[in-house]
Amino acid sequence: MPHQQNKLFKDWQGYLYIMPWFIGFICFALGPIVVSFFMSFTRWSMLSSPQWIGLENYSEILLRDPLVGKSLWNTAYYVLFSVPLGIALSLGLALLLNQKLRGIGLFRTLFFLPSVTNLVAVSILWMWIFNPEFGLLNRALEWTGIEGPLWLQSETWSKPALILMSLWGIGGGMIIMLAALQGIPPELYEAADLDGAKRWRKFWHITAPMISPALFFNLIMNMIGSFQVFTQAFVMTASAGQGSEGAPNNSTLFFVLYLYKKAFQQFKMGYASALAWILFIIILLFTLLQFNLSRRWVYYEAGGRS
Amino acid sequence: MSTLSRTKPMVGALRFGISYFFLVAVSLVFLTPLLWMISSSLQSLEGVFRVPFHWIPENLQWQNYRDAMTLIPFARYVLNTTVISIAIIAGGVFSSTLVAYGFSRFRFRGRDKLFGLCIATMMLPGQVTMIPLYVLFARLGWIDTYLPLIVPALFGSPFYIFLLRQFFLSIPYEYDEAALLDGASRFRIYWQIILPLARPAIATVVVFSFMGAWNDFFNPLIYINSFEKATLTLGLNSLKAQIIGAGQTQWHVLMAASVLVLIPNVLVFFLAQRQFIKGINVGGLRG
């Protein structure tokens, strides 16, 4: 065997096979990252040649542009509610599905279905659901005697509307949680039963640590995704035609939507690149923060808490 | 003793009942929007605005579907999206299997570092690369063509590479050894042993790749300008803009168009639910 390993080690053919990825990595990831970094120090409309302006884009973004603060606040609001609510709900649904009941597969299919659809079609559906006068939601609220808000047309309710809609599509996270729950060895619960442990104790001392890696994975992916929320806002909030996305009164102008408008409606490529780098740094910082915090609560079986 | 044997089944039945109650209640919450969409798509204009709403319309307005398909060149968009999706799936899945084979069946200097780099790019927010890529494709004269949608996908995707590599690693290396002793080339091993054995993993990747290509909105949005070159998703969005800008919103037609766009998704979902669950979990277990 060692001989075989050694022979493998010299196997230069491997480079040949990974070449497609490597070329793609250079052309479509590494190269553009480097170019984007330099572009963020320029003023460039693509019509003339780029003009080097040093840190001006960054000082404009961080000190003077009021829409940056607005879009950061909108994004933070969205992340802060959509991520914890989504994780709690996907865990709750996974617990509900983790029972040996007849027809449980059908329920799993139903809960999972909305998350594997087309986001533009789903956004249009929810525009109709959120219609203040004739939409499903306010009809239902009226039926219970509540006068529903204007949802997407209200500065106060536009973000909660998008958060509510995001909860409809948490099926993917739910499936990951369910697999984690089903991966817990039953012996652990049997041992706890012998010790006479109660349900809650079993949940906190067996279930919670055993699913914490899946919970952490969901948290990271959900957070990165939520920071980049775009399509729903783009499709659902352009009530006054192209260019009006983010309405009403910029209450759904999320960071990536703002970046898109700068780059592809106003063609401020340098400025948009600087915005992209700010977003990249924010996402990186929050991801690293979560990895650091995870040492306190994520349990990895092999090495105990690591 | 007698009380125990009597209460236990009762507690069991109660818990059983509560479980089903919640399962059914949540199902209703998840299903109602879809039923609302289908019901709306078959209403007349008066029907969608009627108070109270009639879930089953008196006359099923199938012509809403015809209207949706003529307001935008629907068949054309289906064709466009199919062509793009096939190119992305065929090219992307093929090169992802090659790369996964390289990362799982060979040992070479820097292999694990390179693989780590490949995984790390999954975390990279697309916004950082999209502007230089747009400029690059503009310089190449690729704006308003399908090349910016297809070409980057042909080099494999980190998620698919990761997924396939995990599967390849589970195939015993003895197969390769036996074939090598028989004088087979490494490519032949890939083609005749690994690929056939990896069919389930490839199916998963094909399903994910299809959903990604079919439902992509952002890339067509920035690269495709011509009305007749649009994809289905892009076309649906322009139909929305057209309908919402014009007086009383024809929600019944918009819902019919949305149902049409969702049909392939739902079909693929029901045919390939196992592949979805497998793919999501391989991704998730990495955590």
Quiz item: Which atoms of A:Val116 come close to chain B, meaning under 4.5 Å heavy atom to heavy atom: side chain ones, backbone ones, both, or neither?
Solution: both
Practice problem: Under 4.5 Å heavy-atom distance to chain B, tell me which part of A:Ile104 shows up: side chain, backbone, both or neither. | Solution: side chain
Quiz item: Are the side chains of B:Leu133 and A:Val35 in touch, meaning some heavy atoms are under 4.5 Å apart?
Solution: no
Quiz prompt | Contact origin within B:Ile244 toward chain A - heavy atom pairs under 4.5 Å | solution = side chain
Quiz item: Is the backbone N or O of B:Phe187 less than 3.5 Å from a side-chain atom of A:Tyr17, with the two atoms forming a donor-acceptor pair by type?
Solution: yes
Quiz item: Given a strict heavy-atom distance threshold of 4.5 Å, which part of B:Arg111 is in contact with chain A: side chain, backbone, both, or neither?
Solution: neither
Exercise. Check whether A:Leu93 gets within reach of chain B through its side chain, its backbone, both or neither, counting any heavy atom under 4.5 Å.
Key: side chain
Practice problem: Mind ranking A:Met46, A:Gln228, A:Arg139 by heavy-atom pairs under 4.5 Å with chain B and telling me who comes out on top? | Solution: A:Arg139
Practice problem: Find the one option among A:Leu110, A:Ile124, A:Ile129 whose heavy-atom pairs under 4.5 Å with chain B are most numerous. | Solution: A:Ile124
Exercise. Starting at CG of A:Leu113, measure out to CZ of B:Phe276 and round the result to the nearest 0.5 Å.
Key: 10.0 Å
Quiz item: Does the side chain of A:Phe22 come within less than 4.5 Å of B:Val99's, by heavy atoms?
Solution: no
Quiz item: How would you list, in number order, the residues of residues 151-158 of chain B that have a heavy atom less than 4.5 Å from chain A?
Solution: B:Val151, B:Pro152, B:Phe155
Exercise. Apply the test side-chain contact (heavy atoms from CB on, under 4.5 Å) to residues A:Met127 and B:Trp251: give CA-CA distance (whole Å), side-chain angles for both, the deciding distance (0.1 Å), then the verdict.
Key: CA-CA 10 Å; A:Met127 283 175 84; B:Trp251 286 110; 3.8 Å; yes
Practice problem: Please examine the side chains of B:Gln127 and A:Phe227, heavy atoms only from C-beta on, and report whether any two atoms are closer than 4.5 Å. | Solution: no
Self-check item: Segment of A:Thr287 engaging chain B (4.5 angstrom heavy-atom cut-off)
Solution: neither
Practice problem: Report the distance from atom CG of B:Leu23 to atom CG of A:Leu96, rounding to the nearest 0.5 Å. | Solution: 4.0 Å
Exercise. Identify which part of A:Phe280 has an atom lying under 4.5 Å from any heavy atom of chain B, answering side chain, backbone, both or neither.
Key: both
Exercise. Scan side-chain atoms only and decide if B:Asn265 and A:Asn118 contain a donor-acceptor pair under the 3.5 Å cut-off.
Key: no
Practice problem: Go through the atoms of B:Thr129 and report whether side chain, backbone, both or neither lie under 4.5 Å from a heavy atom of chain A. | Solution: both
Exercise. Would you mind checking which part of B:Phe208 comes under 4.5 Å of any heavy atom in chain A, side chain (CB onward), backbone (N, CA, C, O), both or neither?
Key: neither
Quiz item: Tell me, side chain or backbone of A:Ala263 under 4.5 Å from chain B's heavy atoms, or both, or neither?
Solution: side chain
Quiz prompt | Most chain B-contacting option - heavy-atom pairs closer than 4.5 Å, from A:Thr117, A:Leu106, A:Val34 | solution = A:Thr117
Quiz item: Is it the side chain or the backbone of B:Phe16 that comes within 4.5 Å of chain A heavy atoms, both, or neither?
Solution: side chain
Quiz item: chain A heavy atoms under 4.5 Å from B:Arg15: which part of the residue, side chain, backbone, both or neither?
Solution: side chain
Self-check item: Salt bridge present between A:Asp11 and B:Arg186 (N-O < 4.0 angstrom)
Solution: yes
Quiz item: Are A:Phe234 and B:Phe218 close enough that some pair of their side-chain heavy atoms sits under 4.5 Å apart?
Solution: no
Practice problem: Answer with side chain, backbone, both or neither: which region of B:Val24 has an atom nearer than 4.5 Å to a non-hydrogen atom of chain A? | Solution: both
Practice problem: Go through the atoms of A:Phe25 and report whether side chain, backbone, both or neither lie under 4.5 Å from a heavy atom of chain B. | Solution: side chain
Quiz prompt | Under 4.5 Å from any heavy atom of chain B - which part of A:Trp126 | solution = side chain
Quiz item: If you take all heavy atoms of B:Trp36 and A:Phe134, which pair is closest and at what distance?
Solution: CH2-O, 3.4 Å
Quiz item: Which bit of B:Ala100 is near chain A, if near means a heavy-atom gap under 4.5 Å: side chain, backbone, both or neither?
Solution: neither
Quiz item: Taking side chain as C-beta onward, heavy atoms only, is B:Tyr101 less than 4.5 Å from A:Ile18?
Solution: no
Self-check item: Partner set under salt bridge (charged side-chain N to carboxylate O under 4.0 Å, His left out) for B:Arg274, not counting sequence neighbours
Solution: none
Quiz prompt | Inter-residue atom distance B:Asp216.CG - A:Leu119.CG, 0.5 Å rounding | solution = 11.0 Å
Quiz item: Does the side chain of B:Met123 come within less than 4.5 Å of A:Ile283's, by heavy atoms?
Solution: no
Quiz item: Hey, which of A:Asn131, A:Val235, A:Ile23, A:Val256 has the most heavy atom pairs under 4.5 Å with chain B?
Solution: A:Val235
Self-check item: Side chain, backbone, both or neither of A:Phe38 within contact of chain B (heavy atoms, under 4.5 Å)
Solution: neither
Quiz prompt | Closest non-hydrogen atom pair between A:Trp21 and B:Leu114, with its separation | solution = CH2-O, 3.4 Å
